[in-house]
Number of protein chains: 2
Amino acid sequence: MLLFPMVYAATRSVSNKAPLPSKRANARSRAFDVKQFLDSTGLGRKVGTYDRKATVFAQGDPAKHVMYIQDGGVKLTVVNETGREAVVAILGPGDFFGEACLGGQHICMATATTIAPTVVLVIEKNEMIRVLHEEHEFSDRFIAYMLARNIRVEEDLIDQLFNSSEKRLARTLLLLARYGAPGDPQKSLPKVSQETLAEMIGTTRSRVNFFMNKFRKLGFIHYNSRKIHIDNSLLSVVLHD
Amino acid sequence: MLLFPMVYAATRSVSNKAPLPSKRANARSRAFDVKQFLDSTGLGRKVGTYDRKATVFAQGDPAKHVMYIQDGGVKLTVVNETGREAVVAILGPGDFFGEACLGGQHICMATATTIAPTVVLVIEKNEMIRVLHEEHEFSDRFIAYMLARNIRVEEDLIDQLFNSSEKRLARTLLLLARYGAPGDPQKSLPKVSQETLAEMIGTTRSRVNFFMNKFRKLGFIHYNSRKIHIDNSLLSVVLHD
DNA sequence: TACAAAGTGTGCAATTTTGAACAGATTTGC
DNA sequence: GCAAATCTGTTCAAAATTGCACACTTTGTA
């Protein structure tokens with residue numbers, strides 16, 4: 001399983017569900033360079049380097065740092081009492097995570113696991129608060145980020161409220177594939193396990209397997225042990241009944 | 001139907017699902033007074049007054065203003081292609097809405113309907129951006145708000161990913177009731193129609209009716225045509241299996 | 001007061017989803 | 001290269017959920 005390699009590095013980030021393309025571009029394409037800013041202020045002094053499948057922090061850990069992804073990718077998951085796992089977000093370069101501690105959250109509500117070799121800037125909570133207060137450009141940029149992030153999560157919620165698991169799977173595949181070679185109608189994405197897809201859309205692996213086979217039989221997607229190929233125009237039909 | 005009157009005025013806001021109590025207190029209990037600030041800067045010059053069930057803006061409208069609820073309550077809903085409706089959030093005094101336009105959203109993605117006579121401050125998008133950039137205290141406060149809001153929506157999403165509709169209903173009732181008289185184990189809340197509850201938790205009225213009756217038979221809740229009474233300790237058992 | 005509109009209690013068949021099992025295929029790490 | 005771990009394809013019965021229908025009650029209003 002080799003998830004989300006540089007495909008996402010190029011496009012800067014990915015949510016497990018519904019990022020508004022306009023939003024995303026908007027939040028990221030400003031002249032202000034976050035990485036450069038963090039370096040210049042010394043905020044990004046501390047760098048964390050992780051292998052694939054490493055745990056950056058775990059649900060329940062004390063929450064004292066905000067992370068800024070420089071390279072790689074991170075999956076945020078939560079587990080419930082029964083041990084079932086759900087994927088809350090999949091983040092890439094340019095995304096923050098752990099930012100909830102800024103609002104007084106003392107404990108991490110999710111586990112952050114890398115899905116590729118990853119480099120993050122580790123920003124101490126109080127420093128982040130101080131700089132957000134002092135530096136206009138940075139707080140502007142952070143507000144834009146939070147607005148975009150909020151819209152993504154709301155869209156994920158709406159997706160859950162409205163759609164059947166078949167549609168949610170189709171939507172998730174399309175969103176993941178969007179970040180492949182643009183202009184290519186035959187998008188492909190690195191293999192994501194059916195288990196992970198199930199955790200993303202909140203259903204069982206049985207169900208994912210069932211629909212993956214259905215989509216394949218209908219010719220909407222193709223896959224082998226290392227890639228999933230998606231025919232955008234065909235699969236998107238599923239979303240519109 | 002007389003929804004969410006001053007119960008919420010006292011506690012300042014409510015989400016349809018999972019506000020973290022700590023977060024909420026944190027985001028709101030700072031010395032900084034948003035209303036006063038908006039008044040002093042002239043940002044809150046424009047005031048909107050609405051009856052109950054009035055539409056502040058509709059899905060698809062151009063998005064040009066950020067609203068700050070001074071009094072009353074607002075429900076954000078979206079409809080899908082088939083006309084089905086979902087409640088994204090229920091907001092009260094101290095909450096912002098329409099803030100997505102700050103991130104470049106040109107069109108309202110939801111409909112904002114009042115659920116009580118409501119007064120909002122109407123802030124022009126560009127003024128809001130300018131002041132967020134210039135005024136530290138205000139941007140700090142807005143960031144705290146966005147962080148809290150984000151956590152609420154994420155928790156709603158997690159609730160959807162994990163829980164059955166029975167648990168989601170129990171959770172929603174408990175959250176709505178939390179804002180009643182504190183310390184009273186017999187919380188009560190103004191009648192919310194089963195239809196609305198169904199839209200909040202993403203299920204059908206049949207299902208809500210089924211569980212409401214079940215909870216009532218078990219003595220977890222009581223209700224008549226104008227009030228719902230909730231026995232907190234009994235109903236919360238549902239959440240833990 | 002009386003009618004229309006909104007909300008509730010029921011029932012039920014059809015559909016969707018879960019959850020668990022098990023064998024075979026593939027990948028990973030020595 | 002091999003064993004262990006992970007992932008896939010396939011079952012299937014049980015459980016949850018939908019979608020609809022219809023009668024009844026309450027509320028708002030002319």
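So that the names make sense, note that chain A is the first sequence line, chain B the second, and so on, each numbered from 1. As the structure is a prediction and not an experimental result, all values here were calculated from the model. The basis for the numbers below is simple: all heavy atoms, side chains too, and nothing from hydrogens, waters or symmetry mates.
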Atom CZ of B/Phe211 and atom P of C/dT8 are separated, to the nearest Å, by 17 Å
Separation of atom CG in B/Leu161 from atom C1' in C/dT17, rounded to whole Å: 15 Å
For a quick check, tell me whether the side chain of B/Ser193 and the base of C/dA6 share a donor-acceptor pair closer than 3.5 Å. no
Do A/Arg171 and A/Leu174 have side chains that approach each other closer than 4.5 Å (heavy atoms only, starting at C-beta)? no
Locate the shortest heavy-atom distance separating A/Ile115 from A/Lys75; write the atom from each residue and the value. CG2-CB, 3.7 Å
Among the nucleotides C/dA20, D/dT17, C/dG9, which one has an atom lying closest to any side-chain atom of B/Gln194? C/dG9
Pick base, sugar-phosphate or nothing for B/Arg216, based on heavy-atom distances below 4.0 Å to the nucleic acid. sugar-phosphate
Between B/Tyr223 and A/Asn163, the residue closer to the 5' end of DNA chain C by nearest nucleotide is B/Tyr223
When rounded to whole Å, the CZ to C1' distance for the pair B/Phe162 and C/dT18 reads 16 Å
Would a line drawn from the ring center of B/Phe97 to the ring center of B/Tyr68 be shorter than 6.0 Å? no
C/dG9 phosphate, OP1 or OP2, under 4.0 Å from B/Asn209 side-chain N/O: yes
Check the distance between D/dT18's C1' and B/Glu166's CD and give it to me in whole angstrom. 17 Å
Does the distance from a Lys or Arg side-chain N to an Asp or Glu carboxylate O, for A/Arg207 and A/Glu166, drop under 4.0 Å? no
Grab the NZ-P distance between A/Lys53 and C/dT27 for me, whole Å please. 13 Å
Of D/dG9, C/dT18, C/dT10, the nucleotide closest to the side chain of A/Thr204 is C/dT18
Aromatic B/Phe162 / basic A/Arg84 pairing, under 6.0 angstrom, 45° off normal: no
What nucleotide among D/dT11, D/dG9, D/dC20 has an atom nearest to a side-chain atom of B/Ser206? D/dC20
Report yes if a donor N or O on one partner sits less than 3.5 Å from an acceptor N or O on the other, where the partners are the side chain of A/Arg205 and the base of C/dG19; otherwise report no. no
With the side chain defined as heavy atoms from C-beta on, A/Ser164 is closest, among C/dT18, C/dT17, D/dT10, to C/dT17
Quick note, B/Arg207 side chain, CB onward, closest among C/dT8, D/dG9, D/dT17 is D/dT17
